[in-house]
2 protein chains.
Amino acid sequence: MATLSDVARRAMVSKMTVSRVINHPEQVSPELRQLVYNSMKALNYVPNYVAQALVHHRTQVIKLLILEEMDTTEPYYMNLLAGIAVELDQRHYSLQLVTRSSHTICRCDGLIVTGMREDDYESIISRLEQPVILFGENMKGYDYVDVDNKKGMKITTEHVMAQGCSNILFYGIDIEEPFMLSRIAGYEETMKGKKLLPQINLMKNSSHIAQFEAEKVLKKISERVAFVCASDRLGIGVVHAAQRLGMAIPDQVMITGFDGVFLDRIAQPKLTTVRQPIVEMGKTCAKLLLDKIDQDGRSQGICVYKPELVIRNTTVH
Amino acid sequence: MATLSDVARRAMVSKMTVSRVINHPEQVSPELRQLVYNSMKALNYVPNYVAQALVHHRTQVIKLLILEEMDTTEPYYMNLLAGIAVELDQRHYSLQLVTRSSHTICRCDGLIVTGMREDDYESIISRLEQPVILFGENMKGYDYVDVDNKKGMKITTEHVMAQGCSNILFYGIDIEEPFMLSRIAGYEETMKGKKLLPQINLMKNSSHIAQFEAEKVLKKISERVAFVCASDRLGIGVVHAAQRLGMAIPDQVMITGFDGVFLDRIAQPKLTTVRQPIVEMGKTCAKLLLDKIDQDGRSQGICVYKPELVIRNTTVH
DNA sequence: TTGTAAGCGTTATCAG
DNA sequence: CTGATAACGCTTACAA
């Protein structure tokens with residue numbers, strides 16, 4: 001594999017000239033510049049990123065710290081990772097995947113953190129020395145990327161209302177984290193705006209729990225009802241409940257999910273859901289983080305994505 | 001961050017002595033060794049892996065090349081990745097996730113490849129210059145890690161037989177790849193061994209296709225039937241079909257899947273499936289690859305995991 | 001057993 | 001605008 005010296009020798013210039021052509025081409029005369037370009041092409045030169053990293057006191061490694069139990073959200077993260085990977089590759093960074101138990105010594109240039117809970121801000125996140133971007137909204141002032149959770153829940157609630165249903169239940173996850181509070185607020189405000197009574201039900205993010213809860217409700221209900229769920233997993237559970245009781249979807253029971261990343265397509269009938277552009281969001285996390293690193297840790301602000309309602313057969317024919 | 005020189009200065013020895021304590025402790029006298037250890041501890045010394053990489057002409061990066069469209073198998077890969085990550089972290093490697101479109105120039109120490117199809121061996125895999133471990137069985141002589149696909153299908157087929165069913169259909173994926181051929185063979189041989197007629201049906205790996213196919217079959221069948229499927233996704237489709245037609249699981253229809261990594265738990269009733277220890281297999285891929293790198297590319301052979309039958313409510317009460 | 005010197009491939013700095 | 005030199009943190013080869 002050709003090095004800078006090889007390129008220099010072939011172009012009959014010094015290593016520095018080659019280095020400049022790569023990093024500050026405007027500082028080199030057009031003639032030499034062209035000579036160097038030719039030489040690089042001829043030798044198929046690719047910089048040694050390890051050597052660059054050494055001089056720059058960098059590692060070219062960023063870590064993805066997943067603080068959540070991974071099997072709770074599995075399919076979700078693969079997309080996030082795919083997005084992150086695209087951006088990192090382009091900029092010659094690589095990735096380390098770490099969890100709560102393995103984030104001790106931190107040889108990396110920056111971190112993307114996700115799945116954090118209230119306690120983690122003080123005990124983990126505030127102690128990190130490298131630039132950080134959080135994946136997931138937070139109210140502690142950290143840079144983050146997320147979807148507009150409140151709006152997402154607002155548009156689903158309005159959607160089922162528009163189908164002529166006013167008995168609308170909310171199924172959410174029983175954790176007091178910003179993303180969930182926002183989803184609850186989106187539902188609650190929309191209901192109150194229409195003078196309807198919010199009915200909020202929080203539970204573990206499990207399709208079986210949701211099914212169990214929904215069956216109890218459905219057994220003693222006669223009128224048309226809608227379940228707006230804060231995750232596709234919960235949504236699928238409610239679908240199962242309605243099916244077990246032989247109730248018609250969407251005529252008797254309407255169901256919506258949230259995430260739109262995988263499970264929504266497995267459900268039968270396919271789930272109406274709020275799609276989050278996770279891959280895109282992953283790319284943005286990485287982009288913001290790398291920019292932050294380049295800018296010596298300067299805050300990059302927040303990036304909130306517009307949620308997209310994907311209407312399918314659990315709410316319309 | 002403390003460097004080798006800092007440690008050396010504090011211990012009043014040369015850099016080399018410190019380097020030796022780290023790499024060849026037996027070459028250093030016990031007294032100096034202890035001094036150095038103390039100094040390292042006091043300064044909280046962690047080697048700079050970038051500098052090590054530079055001298056060793058390495059990158060400390062391995063690539064995971066996923067040749068398959070990722071959303072077809074999504075949940076699966078997150079587990080593989082989790083396993084790989086654990087092992088890489090321990091050995092100070094980091095990861096780049098690449099796909100068919102982005103595996104051009106290859107600054108890495110080795111690759112784990114998965115999702116390959118027949119054509120890929122010649123056009124991609126054989127051209128890689130670095131050590132490679134494949135995730136997925138192959139007959140081209142490359143080192144690989146996989147589960148015993150044939151045996152996995154054999155034990156499921158035997159399991160449904162043991163439930164007293166002899167009308168057993170196989171639903172597989174319509175690709176001629178070794179893992180699928182092995183699963184087919186496992187089913188076929190077991191059927192023939194019992195003098196039963198194999199009924200093999202291949203299709204796209206989609207729950208909706210499987211549902212569509214299964215509904216056709218179930219509509220014109222009266223006796224008890226079992227569907228042994230080559231993926232959980234297909235299995236879930238068949239579950240939906242049986243449910244739509246109001247048929248009793250497992251009394252009239254038995255269903256099994258294959259993978260046991262995520263979807264099996266979402267299904268209702270929960271799917272009997274062949275669990276693959278994917279996380280463990282991911283670890284092994286990484287371990288074999290890193291050993292191979294250390295041994296200058298020497299073949300590490302193959303590693304075949306024993307499949308585990310997880311019996312749940314789609315085959316028994 | 002320990003230390004010195006050179007080098008890995010790059011860039012920053014300063015001199016010409 | 002260009003080049004020589006030193007430095008990044010470590011290891012190998014050789015010398016003491």
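Chain naming here is simple, since letters A, B, ... match the order of the sequence lines and numbering starts at 1 in each. Computed from a prediction, not measured in an experiment: that's the story for all the values here.
Of all nucleotides listed (C/dT10, D/dC10, C/dA12), C/dT10 comes nearest to the side chain of A/Tyr45. The side chain of B/Met16 has D/dT11 as its nearest neighbour among D/dT2, D/dT11, C/dA12. With D/dG3, C/dG3, D/dT11 as the candidates, the nucleotide lying closest to the side chain of B/Thr17 is C/dG3. Of all nucleotides listed (C/dT4, D/dC10, C/dA12), C/dA12 comes nearest to the side chain of A/His24. Side-chain proximity of B/Val55 to C/dT10, D/dT11, D/dC14: nearest is D/dT11.
Residue B/Gln295 qualifies as enclosed at atom CD: its count of foreign heavy atoms under 6.0 Å is above 12.
Between the NE2 atom of B/His92 and the C1' atom of D/dC10 there is a distance of 14 Å, rounded to whole Å. Per the geometry, CE belonging to A/Met12 stands 21 Å off P belonging to D/dC1, to the nearest Å. At whole-Å resolution of the value, CG in B/Leu4 and C1' in D/dC8 are 13 Å apart. Going from atom CD of B/Gln27 over to atom P of D/dT12 covers 10 Å, rounded to whole Å. Between A/His56 atom NE2 and C/dT13 atom P there is a gap of 10 Å when expressed in whole angstrom units. For the pair A/Leu54 CG and D/dA7 P, the computed distance is 14 Å after rounding to whole Å. The NE2 atom of A/His57 sits 10 Å away from the C1' atom of C/dT11 (whole-angstrom rounding). A straight line from CD of B/Gln52 to P of C/dG9 spans 17 Å, rounded to a whole angstrom.
Checking side-chain atoms of A/Thr114 against main-chain N and O of A/Phe135 turns up a donor-acceptor pair under 3.5 Å. Judged purely by atom type and a 3.5 angstrom limit, B/Ser39 uses its side chain to pair as donor or acceptor with the backbone of B/Val7. Formation of a donor-acceptor pair under 3.5 Å by the A/Asp109 side chain with backbone atoms of A/Thr59 is found in this model.
Among the heavy atoms of the strands lying under 4.0 Å from A/Val28 are primed sugar atoms or P, OP1, OP2 only; no base atom is included.
Nearer the 5' end of DNA chain C, as judged by each residue's closest nucleotide, is the contact made by B/Glu26, out of A/Ala2 and B/Glu26.
Look at A/Glu118 and A/Lys140 and you find a salt bridge, because one of the NZ, NE, NH1 or NH2 atoms lies within 4.0 Å of a carboxylate O, short of that distance.
At D/dC8, none of the side-chain N or O atoms of B/Thr3 fall inside 4.0 Å of OP1 or OP2 (strictly under the cut-off). Not one side-chain nitrogen or oxygen of B/Ser29 sits closer than 4.0 Å to the OP1 or OP2 atom of C/dT1. Between D/dT2 and A/Ser14, no contact under 4.0 Å exists linking OP1 or OP2 to a side-chain N or O. An OP1 or OP2 oxygen of C/dT11 is reached within less than 4.0 angstrom by a side-chain nitrogen or oxygen of A/Asn23.
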